[in-house]
Amino acid sequence: MKKFALSKISKVSKRYLYLGSGIFMVGVTYTNCSKIQISEIAATGKAATLGAPTEVVAPQSPQSLIDTCAEAKTSGRLRTKLLTASYPDTGKVCDWGVNGNLSIMNGTIRARHEQRQVFQVANIADGKVAICNIKLASSAVSKFYYDDNVFITLNNYVLASTSDFTRHLESTNGFFRYDWSRLLNKPAQNSGADTVPSKQYCAGAFSGQSACEFPQTETEGVAKLHFGESIIQNILGMTNSTQFELSVITTGDNDATDCQHVPIDLNLDVEYVIE
């Protein structure tokens, strides 16, 4: 894995910031890739289980959540809480042959590394919590690098990926659920041509609600991600709006640097209401 120096960028786009703030902006700060042993500790203080998504519990309908949040915004009842999430460079190759991964095979998806973080914004004793939005509060910008592909998921639904694998995944209301069993042994889609911006996936981009762009695989560049409020609310409304899981998943086929990315640190500005 290469090392990369920080690159400060202050330019603002009307559509989205370069890894800055937004309705839901993945704003990241990176340090040089180092040999860091992954520590998968959730924000709740409990260890996150590798490969096991958060259990979906008693979801409400997306429209119910949208209505609740709209009323809370109008009445001034929205609260905010700042949370942080870190997804370090693992400093190692894919875990070939373990945890549902297979052995090395060029050109097909054979292994992944899942870094999952679970967040709560209030105690259950406070009342029924409805999370209305997730914003990023990050002013630092740097260069992004990954190998082979990266998925960013919210409650196990794909927000963005560096190549479009949605034809392999099941969808609900137009959103695609990440499922390792459906990706295993599929074409790796890990060439430069497979990972150009036009071949990447961004939830809500087709309808103009979101805008995403990654550099090509194994190429240093800047990631730009913005997700509209309705995208976040629809996913939370289908799954769980009382807490959320934000995950970074990397895949590989056969290389010594597969399943890796530069360290990612996120500052999450969460809007919620207690009913």
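Nothing fancy with the numbering, it's 1 onward along the sequence.
Distance NZ/Lys199 to OG/Ser161: 13.0 Å, rounded to 0.5 Å. In this structure, SG on Cys69 lies 8.5 Å from CG on Leu236, to the nearest 0.5 angstrom. Put simply, CD1 on Ile131 and CZ on Phe119 are 10.5 Å apart, with the number rounded to the nearest 0.5 Å. Atom CH2 of Trp180 and atom CD1 of Ile109 lie 6.5 Å apart (nearest 0.5 Å). Note: Tyr157 OH to Thr172 OG1 = 3.5 Å, rounded to the nearest 0.5 Å. How far CD of Gln115 is from NE2 of His113: 4.0 Å, rounded to the nearest 0.5 Å.
Sorted by first and then second residue, the disulfide (SG to SG under 2.5 Å) pairs involving residues 237-275 (not counting sequence neighbours) are Cys94-Cys259. The stretch residues 148-175 participates, sequence neighbours left out, in these salt bridge (Lys or Arg N to Asp or Glu O under 4.0 Å) pairs: Glu170-Arg182.
One hydrophobic cluster holds both Leu83 and Tyr272 under the rule that ILVMFWY side chains link at heavy-atom gaps under 4.5 Å. By the rule that hydrophobic residues join a cluster once side-chain heavy atoms approach within less than 4.5 Å of another member, Ile152 and Val158 end up as members of separate clusters. Put simply, Phe227 and Tyr201 are part of two different groups of oily side chains (I, L, V, M, F, W, Y) that touch within less than 4.5 Å, one to the next. Clustering ILVMFWY residues whenever any of their side-chain heavy atoms sit less than 4.5 angstrom apart, transitively, puts Tyr178 in a cluster other than the one holding Val248. When the side chains of ILVMFWY residues are joined at heavy-atom separations under 4.5 Å, either directly or via intervening members, Tyr146 and Leu159 end up in a single hydrophobic cluster.
Ile134 pairs with exactly one of Leu246, Asp269, Leu154 by the side chain to side chain contact (heavy atoms under 4.5 Å, CB included) rule, that one being Leu154. Here the options are Asn185, Asn101, Asn254, the test is side-chain hydrogen bond (donor to acceptor under 3.5 Å, both in side chains), and the partner is Arg110; only Asn185 passes.
Within the 4.5 Å cutoff, side-chain heavy atoms of Leu184 are placed close to those of Leu102. Considering only heavy atoms from C-beta on, Trp96 stays 4.5 Å or farther from Ser103 through its side chain. Leu169 places a side-chain heavy atom less than 4.5 Å from the side chain of Leu183. By the 4.5 Å heavy-atom criterion applied to side chains, Arg116 and Ile249 are counted as neighbours. Counting heavy atoms from C-beta on, the side chains of Ile66 and Gln63 come closer than 4.5 Å. Looking only at side-chain heavy atoms (C-beta outward), Ile235 and Phe244 stay at 4.5 Å or farther from each other. Put simply, the side chain of Arg177 does not reach to within 4.5 Å of the side chain of Met238, judged on heavy atoms. Between Pro62 and Gln233, the closest side-chain pair of non-hydrogen atoms is not below 4.5 Å.
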For side-chain hydrogen bond (donor to acceptor under 3.5 Å, both in side chains), just list the numbers for Thr162 and Asn149, CA-CA rounded to whole Å, side-chain angles, deciding distance to a tenth of an Å, and then say yes or no. CA-CA 6 Å; Thr162 52; Asn149 276 293; 2.6 Å; yes

Show your reasoning for whether side chain to side chain contact (heavy atoms under 4.5 Å, CB included) applies to Ser247 and Phe151. CA-CA 8 Å; Ser247 303; Phe151 293 79; over 6 Å; no

So Arg77 and Glu275, salt bridge (charged side-chain N to carboxylate O under 4.0 Å, His left out) or not? Walk me through it. CA-CA 9 Å; Arg77 295 192 301 120; Glu275 301 179 68; over 6 Å; no

List the steps and the verdict of side chain to side chain contact (heavy atoms under 4.5 Å, CB included) for Thr166 and Ser171. CA-CA 8 Å; Thr166 57; Ser171 66; over 6 Å; no

Does the side chain to side chain contact (heavy atoms under 4.5 Å, CB included) test come out yes or no for Thr239 and Asn156, once each step is laid out? CA-CA 9 Å; Thr239 54; Asn156 222 42; over 6 Å; no

Report the C-alpha separation of Ile274 and Arg79 in whole Å, then their side-chain angles, then the decisive distance to 0.1 Å, and conclude whether the side chain to side chain contact (heavy atoms under 4.5 Å, CB included) test is met. CA-CA 8 Å; Ile274 296 179; Arg79 306 184 184 189; 3.3 Å; yes

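Closest of all the heavy-atom pairs between Thr242 and Val129 is CG2-O, 3.3 Å. Shortest non-hydrogen contact noted between Asp194 and Ser191 is OD2-OG, 2.8 Å. Considering every non-hydrogen atom in both Ile231 and Gly204, the closest pair reads CD1-CA, 3.6 Å. Contact detail for Glu220 and Tyr145: the closest heavy-atom pair is N-CD1, 3.8 Å. Across all their heavy atoms, Ala203 and Ser210 have their closest contact at O-OG, 2.7 Å. Taking each heavy atom of Pro215 and Gly221 in turn, the nearest pair found is CB-CA, 3.7 Å.
Take Lys73 and apply the salt bridge (Lys or Arg N to Asp or Glu O under 4.0 Å) test, not counting sequence neighbours, and it matches Glu229.
No hydrogens or angles considered: a donor-acceptor pair under 3.5 Å links the side chains of Asp147 and Thr257. Counting only N and O atoms by type, the side chains of Asp253 and Thr108 include no donor and acceptor under 3.5 Å apart.
Classified by interplanar angle (parallel below 30°, tilted 30° to 60°, perpendicular above 60°), the ring pair Phe144/Phe214 is tilted.
A distance-only check finds a donor-acceptor pair linking the side chain of Thr195 to the backbone of Thr217 [under 3.5 Å].
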